[in-house]
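Here's the structure we're looking at; comments come further down.
Naming: A, B, ... by sequence-line order, numbering from 1 per chain.
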Amino acid sequence: MYIKVVAVLPFLFLFTFLAWAENEKITGLHLENELTCSSCHLTDTPVKRAGQQACIDCHGDMQDDHNVVVLKNVSGYETKSTIHTSHAGQIRCTLCHSMHKPSVLYCNEGCHHTWQINVP
Amino acid sequence: MIKLKVLLFSVFFIISVTSYAAQTIDTDVLIIGAGAGGSTAGVSALEQGLGAVIVEKMPAVGGSGNYMEGTFAVGSYMQLQDNIGVNAEKQFKTVMDFHHWRINADVLNEWLKRTASTIEWAEKHGVKFERVMTAFVDGNRTWHMFEGGHGSSLIKAFNKEFLDKGGKLYTETPAKKLIFKDGKVVGAIAENADGEEVIINAKAVIVATGGFPCNKEMIAKYLPYAGYLYAGAAGRDGDGIRMMEAVGAKLVNMNVVMQAGLWLKDVDTNLQFGVDGRSSAKYVRLLAALNQPYLKVSPKGARVVDETQSLEYTSNAFEGVGGEGFAVFDENTKNEMINAGMKNGYFGMVERGQKFDNFDKLFAEGEKMGFCFKANTLDELAKKTGMDPKLLKISTDRMNAMYAAKYDDQFYKDPKWLRPIDKGPFYAIKGSLRMYSTTGGAAVNSNFQVTDTNGAVIPGLYAIGQDAGGLYSDSYDMHIAEGTASSWAINGGRFAPMHIAQTLGKK
């Protein structure tokens, strides 16, 4: 009886992993470029976020022209920002950019609230 | 039997492979929090030749260090250049008098004496100050303003230097518990973004998590008004105080906050607090109207305070009546705000004398949102706002009498700020108290070492910024000392690692 209960455990773990992995679909350009789970997660049954290096390997460290963006807020005020070298320090790519759900601007979630910009 | 062993082995194997493996880091100084205090501590620790690790709960650094506009110092070269004569001795006497000698006098004095050199030290490490100013007419010019108007410039400069010089920063890694062995703090246990345990062994720990303004339970437990709302960075949940209390730290001044006066009730920070016309603060002019020096009453309609008083005194008075209240004015005063302008503006966010030309439109929105009220009679206004009509009548009748007599015999306000309330329609704006931070925390000595309930130092443990208490008795003291909260954090961050280096025999 005890053996049966214990024997179920490994399968429970396995099913949990599979369920988690299947809930996350690849979207947008990553899908169009035929990336798979292991392109970023280094496994086809990922259990956690992909590491930062996965993003950097293709996209670079964003210290170049991609770094300068124009931020507008609701009252029409505009400012230029080096968004990837801001006072927020080095934040992980996936804080804003997501492959599996809509991207957000963390600056707005944290403090600024009303910058209007399209986040890829 | 063998089958069972194989089965159990494979189960345990799978469990051990998937279970959370602990990571261990060894360092000299562990800094918990990368706000103004923690970021400064990181730079200072490296400067002292110590190895340093910063763990930060949030994904970004800075905390409310991004919000501070300036910082306090006395006797700085910038002040001397402008013939500002305030120094440690003068300021000490003013502050101790204000706080009735109920604060930590030694700690205050040692901090005051160090603030001047910290301005130059910060400049040496890449921080620029634009000027030294005061927020008040003929105020105490101690406020050294960060370039661009925000401490984000300090956060950026210090974070960069910390990383460039080999400091280790782990974001999304909240510290959970201090490691306490043989009566000494020797590190902390944290949790990384993947939920894995991280053990950090250190010779000293500096706790810099920013107090508890985000923690509703602690607010209800410690503050005079359980509904105190907060404006500032997220993540200040009292983690540091909780961890220090668990190892015996004494907590002091837990009832005092960085008082910000009355704000529009139930209106998001970013909708009311920001530069007029240049930010998302759509309702900042109504916030300014709420804070003009005209009649203010308690939730029931009784006048509460001399309406020209500082934010902290206004806050104290309103803490005494439940933390909320109303500005009440009539059609004539409204027209004065529209045509002649709001005399006081609001702390640079609304200019002094700003004509409130969009009053009607904005007020109507406020009515829809539930913080503005308009009525043809005062009785009706009382009904709409929940005030006692009898009390409101007493307040307004008396105000009208005092206006006629050109003399406030209730609270002795300068008569030029008396206004009658007799021409309908009548207006009320509802406000509730806000804070920029809590200020109570662990008791510390002048080295920022944490002390226990017997006054003895807890070896290995330091607290800085709003995790360290001892500076305020029952009110914030902005109107005699501008920028103290940030200065307390920055100076703590600079000097705690110096003391650590000293005790380790490094310098």
Say you draw a straight line from OG of Ser280(B) to CH2 of Trp115(A); how long is it, rounded to the nearest 0.5 Å? 9.0 Å

State whether the number of non-hydrogen atoms from other residues, nucleotides or ligands found under 6.0 Å of Glu34(A) atom CD is greater than 12. no

Give the minimum heavy-atom separation between Asn73(A) and Arg278(B), together with the two atoms involved. ND2-O, 3.3 Å

Option that, when pairs with chain A are counted at under 4.5 Å, heavy atom only, ranks first among Thr269(B), Asn270(B), Thr171(B): Asn270(B)

At a 4.5 Å cut-off on heavy atoms, which part of Glu172(B) comes close to chain A: side chain, backbone, both, or neither? side chain

Given that the side chain runs from C-beta out, which part of Ala157(B) has a heavy atom under 4.5 Å from chain A: side chain, backbone, both or neither? neither

With a 4.5 angstrom heavy-atom cut-off, is it the side chain or the backbone of Leu154(B) that approaches chain A, or both, or neither? neither

Is there a side-chain contact (heavy atoms from CB on, under 4.5 Å) between His87(A) and His150(B)? Walk through the geometry before answering. CA-CA 11 Å; His87(A) 59 80; His150(B) 287 289; over 6 Å; no

How close do Leu95(A) and Pro59(B) get, heavy atom to heavy atom, and via which atoms? CD2-CB, 3.3 Å

Just verifying a value: how many Å separate Asn159(B) CG and Ser86(A) OG, rounded to the nearest 0.5 Å? 9.5 Å

Step through the shown structure and confirm whether more than 12 heavy atoms of other residues, nucleotides or ligands are within 6.0 Å of CD on Glu161(B). yes

Report yes or no: does Lys156(B) contribute a side-chain atom to a donor-acceptor pair with the main-chain N or O of Thr85(A) at less than 3.5 Å? yes

